[in-house]
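Just so we're on the same page: letters track the sequence lines, and every chain starts at 1.
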There are 2 protein chains.
Amino acid sequence: MIGYSPSETARLSGFSLDTLRYYEKIGLLSGVGRTSGGRRVFTDDDLGWLGLFRCLRDTGMPIAQMCRYAELAREGEHTARERQELLERHAERVEEQMALLRRQYDHLRDKIRYYQGVAEGVRAR
Amino acid sequence: MIGYSPSETARLSGFSLDTLRYYEKIGLLSGVGRTSGGRRVFTDDDLGWLGLFRCLRDTGMPIAQMCRYAELAREGEHTARERQELLERHAERVEEQMALLRRQYDHLRDKIRYYQGVAEGVRAR
DNA sequence: TTCCAACCTGGAGCGCGCTCCAGGTCAAGC
DNA sequence: GCTTGACCTGGAGCGCGCTCCAGGTTGGAA
């Protein structure tokens with residue numbers, strides 16, 4: 001189990017140093033190790049969590065809900081069911097989000113096709 | 001060409017009254033009509049614009065860019081090309097956004113499947 | 001005529017998710 | 001030992017996109 005410096009972790013996770021500190025401050029990331037001098041040392045496990053947070057953030061989960069998830073995980077195995085449900089509800093919202101995005105993307109493409117039509121009309125005349 | 005009251009417009013567009021006023025204030029929506037008493041009267045054209053704004057917002061376009069688009073449209077036909085390019089660049093970003101969302105959704109589904117495995121006896125984080 | 005709900009304006013406030021800053025500490029290389 | 005850059009903490013600030021508020025006006029129904 002190797003340790004990663006803050007800047008390495010930032011690079012590997014794609015989160016900024018400030019965001020890493022922020023996530024720890026609000027209790028999203030907990031139990032981050034320190035050197036004798038007080039500097040953070042992140043583990044592969046921490047990187048695993050950060051990967052999950054990246055996934056959840058990219059799919060639009062609010063931070064408060066990620067905190068809830070992390071808290072449940074800390075409580076132990078008996079919360080597995082609840083965590084699963086939380087993720088499933090989120091996945092459903094993501095499905096809706098994807099459907100909306102696709103619909104609006106199609107509208108956007110229609111609009112662009114309209115501009116292409118205008119361009120051809122001008123050329124025809 | 002009928003006119004719509006603010007509350008009707010809010011209902012039809014899905015934007016709140018405050019948001020309609022805000023969009024006018026920042027110059028996104030311009031030339032909104034008034035009654036003699038100073039109340040807003042929205043037209044079908046305004047609703048068309050609001051529909052476009054809804055599409056652009058839902059696909060993540062920043063308001064500043066929508067303002068830019070609206071401004072170009074006000075300048076006349078000779079900006080059509082630039083408007084088209086603006087929309088095309090946006091559409092490309094939306095494609096990336098959709099691809100990312102799909103990728104992260106798949107990760108999320110993996111994670112959920114993992115929990116389903118736990119229910120069958122495997123150990124989870 | 002009176003009522004009251006819908007509307008007006010200008011401007012302050014908010015929730016989110018960071019991001020930046022001041023003022024200090026730590027540790028690797030010269 | 002000294003320099004330098006990465007890191008520390010607590011807390012303030014920011015950008016976005018609204019949202020709310022105070023205090024006043026309008027206009028259709030009873």
Figure out the [atom1]/[atom2] separation between [X] and [N], and round it to whole Å.
X	N	atom1	atom2	result
Y22(B)	dC8(C)	OH	P	18 Å
Y4(B)	dC7(C)	OH	P	15 Å
R34(B)	dC8(C)	CZ	C1'	8 Å
L20(B)	dA6(C)	CG	C1'	14 Å

(message) Let me spell it out: for each of T35(A) and F42(B), pick the nucleotide of DNA chain C with the closest heavy atom. Which residue's pick is nearer the 5' end?
(response) F42(B)

(message) Contact list please: residues 55-62 of chain B against DNA chain D, heavy atoms, distance less than 4.0 Å, in numerical order.
(response) R57(B), P62(B)

(message) Reading DNA chain D in the 5' to 3' direction, which nucleotide is the first one with an atom under 4.0 Å from a heavy atom of chain A, and which is the last?
(response)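 For DNA chain D, the relevant span reads dA6(D) to dG11(D).
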
Between the side chains of [X] and [Y], is a donor N or O closer than 3.5 angstrom to an acceptor N or O?
X	Y	answer
R83(A)	T79(A)	yes
Y105(B)	E95(A)	yes
S30(B)	R74(B)	yes
Y4(B)	D46(B)	no

(message) For a side-chain contact (heavy atoms from CB on, under 4.5 Å) check, start with the C-alpha distance between L12(B) and F42(B), then their side-chain angles and the critical distance, and finish with the verdict.
(response) CA-CA 11 Å; L12(B) 292 172; F42(B) 295 88; over 6 Å; no

(message) Any base atoms under 4.0 Å from Y23(A), or only sugar-phosphate, or nothing? Heavy atoms, all strands.
(response)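 Sugar-phosphate only.
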
(request) Using a 4.0 Å heavy-atom cut-off across all strands, classify R21(A) as base, sugar-phosphate, or nothing. (result) base

(message) I want to confirm an ordering. Mapping S36(B) and P6(A) to their closest nucleotides on DNA chain D, which one lands closer to the 5' end?
(response)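 Whichever sits nearer the 5' end wins; that is P6(A).
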
(request) Return the 5'-most residue of the pair E8(A), F15(B) with respect to DNA chain D, ranking by each residue's nearest nucleotide. (result) E8(A)

(request) Grab the two heavy atoms, one from S16(A) and one from A10(A), that are nearest each other, plus how far apart they are. (result)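 Scanning both residues, the minimum pair turns out to be C-CB, 4.4 Å.
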
(request) Please check the phosphate of dC8(C) (OP1 and OP2 only) for any side-chain N or O of R40(B) closer than 4.0 Å. (result) yes

(request) Would you please confirm or rule out a distance under 4.0 Å between OP1 or OP2 of dC7(C) and any side-chain N or O of S7(B)? (result)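 Yes.
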
(message) Test your reading of the model: is there a side-chain donor-acceptor pair from T59(B) to the backbone of C55(B), 3.5 Å cut-off?
(response) yes

(request) Sort and list the pairs that fulfil ring pair (Phe, Tyr, Trp, His ring centres under 6.0 Å) and have at least one residue in residues 81-102 of chain A, not counting sequence neighbours. (result) none

(request) Please tell me if the side chains of E85(A) and R81(A) come closer than 4.5 Å, counting only heavy atoms from C-beta onward. (result)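 Yes, side chains in contact.
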
